[in-house]
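Please read the structure below before turning to the comments.
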Amino acid sequence: MTGSSFCSMKDFLKQTGGYAVIDGGLATEFERHGADLNDPLWSAKCLLTSPHLIHTVHLDYLEAGADIISSASYQATIQGFEAKGFSREKSESLLRKSVEIACEARNTYYDKCGTSSSMDDKILKKRPILVAASVGSYGAYLADGSEYSGVYGDLITLEKLKDFHRRRLQVLAESGADLIAFETIPNKIEAQAFAELLDEGDVKIPGWFSFNSKDGVNVVSGDSIKECISIAEKCEKVVAVGINCTPPRFIEGLVLEIEKVTSKPILVYPNSGESYDADRKEWVENTGVGDEDFVSYVEKWMDAGVSLLGGCCRTTPTTIRAIHKRLVNRRSH
């Protein structure tokens, strides 16, 4: 499946038996492999220093059963690269590279499926796989934790947000991805900016909108989750909606609210439940749930109406493999 042929998440879900697995955290895995991500570019730093590592981690997730992998572009912005001294041209080529690496990993995986059968707990099964170009919020570019607060101040208007994201979206959309994953959207104004950019028509591929919450009731800025989802619901180019980077215990309640205002497929990829210290730029150890506890929620989420499931920060291929196993019995094959 290539970028030009994907247009309907509902059709994709028919091919995957009604449910699909999204990958897990990238930064967590990069660090486990020895990458130092203490940088405003965060996981996008690996585009510069260790692209082979990105390829390896994508492949790990595919072999764990992921049906959708996201590019290492969450914190990759033209403005962020330019602040590092790169030209506009080089900045755009790094964005493209993030998607190209994910597409290459998909091809590598398909090659492996043709030459060997599943072994060592690796899932080697030829199946439709989507590459999502990851787009973080304006707050993610600021690298000051404001994607976890959604507070940008009065100077950041709808038009400024659209201008900030416009070229980045165009570049990512033309890089071979099947869709754009708008992730960790912290407020209503940024959702509106993304929806208007999709409606402008320059971005030829669809997207999903995923919000984050820290209280299980609203998105992190305090905006109503229902109002945020309603913005996505009105946009034809949005093919799925949901929640990411949010503690697992909050997911079910949020999904039940989302269900009231959407007809689109619902996705969830929570974090491990650990707390993030924005000042120290690190996760607080032992504040989250282990893989077994995380996966114990999966049945509840599916019962609540979720059809796309994965993990965000601090989740790993082990988490994704466990989700894949839980889905086997639910899928209509």
Side-chain angles (χ1 to χ4, degrees), residues 21-78 80-81 83-86 90-113 116 120-124 129-136 140-141 143 168 171-172 175-178 181 183-184 244-245 269 271-272 274 276 281-283 291 310-321 323-324:
V21 182
I22 300 169
D23 61 5
L26 289 182
T28 311
E29 286 300 286
F30 296 158
E31 288 178 326
R32 191 173 67 81
H33 284 282
D36 174 12
L37 303 184
N38 187 14
D39 189 283
L41 294 176
W42 199 38
S43 53
K45 183 185 175 190
C46 287
L47 290 167
L48 295 163
T49 58
S50 37
H52 60 283
L53 184 55
I54 302 175
H55 185 280
T56 298
V57 172
H58 285 321
L59 198 55
D60 287 347
Y61 276 119
L62 292 171
E63 291 176 349
D67 306 299
I68 304 171
I69 54 171
S70 296
S71 63
S73 52
Y74 172 77
Q75 214 142 354
T77 63
I78 294 165
F81 287 131
K84 284 274 187 187
F86 293 105
K90 176 67 173 171
S91 301
E92 291 186 3
S93 82
L94 285 165
L95 282 179
R96 277 191 285 275
K97 186 175 175 181
S98 70
V99 173
E100 287 161 3
I101 293 169
C103 292
E104 283 163 15
R106 174 171 59 183
N107 291 338
T108 302
Y109 178 78
Y110 282 151
D111 290 344
K112 283 183 102 167
C113 289
S116 54
D120 303 333
D121 222 16
K122 286 182 180 176
I123 295 140
L124 295 171
I129 291 166
L130 298 178
V131 169
S134 170
V135 168
Y141 151 73
R168 173 197 197 186
V171 171
L172 287 170
S175 300
D178 297 292
E183 306 185 291
T184 326
N244 76 295
C245 212
Y269 47 115
N271 57 32
S272 65
E274 286 170 89
Y276 183 71
K281 290 194 167 37
E282 61 185 39
W283 292 88
D291 285 328
C312 200
C313 299
R314 311 293 280 178
T315 61
T316 68
T318 309
T319 322
I320 299 311
R321 189 172 287 109
I323 292 174
H324 175 269

Only residue of K112, R321, R106 satisfying salt bridge (Lys or Arg N to Asp or Glu O under 4.0 Å) with E63 is K112
Kindly give the heavy-atom pair with the smallest separation between [X] and [Y], and that separation in Å.
X	Y	answer
S272	R314	OG-CB, 3.3 Å
D39	L41	OD1-N, 2.8 Å
V99	A133	CG2-CB, 3.9 Å
T28	C313	OG1-C, 4.1 Å
L124	Y109	CA-OH, 3.4 Å
S98	S71	O-CB, 3.6 Å

message: Checking the side chain of Q75 only, and the main-chain atoms of A44 only, is there a donor and an acceptor separated by less than 3.5 Å?
response: no
State whether the side chain of S50 and the backbone N or O of L53 hold a donor-acceptor pair below 3.5 Å, judged by distance alone. no
**Study point:** Pair S73-L172, side chain to side chain contact (heavy atoms under 4.5 Å, CB included): steps then yes or no
**Key:** CA-CA 9 Å; S73 52; L172 287 170; 4.1 Å; yes
Which distance, rounded to the nearest 0.5 Å, do you find between the [atom1] of [X] and the [atom2] of [Y]?
X	Y	atom1	atom2	answer
L95	K97	CG	NZ	12.0 Å
E92	S175	CD	OG	9.5 Å
T184	N244	OG1	CG	4.0 Å
I54	E104	CD1	CD	10.5 Å
T318	D60	OG1	CG	9.5 Å

Side chains of [X] and [Y]: does their closest heavy-atom pair fall under 4.5 Å?
X	Y	value
F30	L37	yes
I123	L62	no
D23	Y269	no
E183	S70	yes
T315	N271	no
D67	I129	no
D36	K45	yes
T77	R168	yes

Between E29 and R32 (salt bridge meaning N to carboxylate O under 4.0 Å), is one present in this structure? yes
query = Passes side chain to side chain contact (heavy atoms under 4.5 Å, CB included), F86 versus I78? Steps please.
reply = CA-CA 9 Å; F86 293 105; I78 294 165; over 6 Å; no
Residue pair T108 / H55, side-chain donor-acceptor N/O under 3.5 Å:
yes
*Does the pair V21 and Y61 meet the rule for a side chain to side chain contact (heavy atoms under 4.5 Å, CB included), with working shown?*
CA-CA 10 Å; V21 182; Y61 276 119; over 6 Å; no
Q) Between L26 and Y74, does a side chain to side chain contact (heavy atoms under 4.5 Å, CB included) hold up when you go through it step by step? A) CA-CA 10 Å; L26 289 182; Y74 172 77; over 6 Å; no
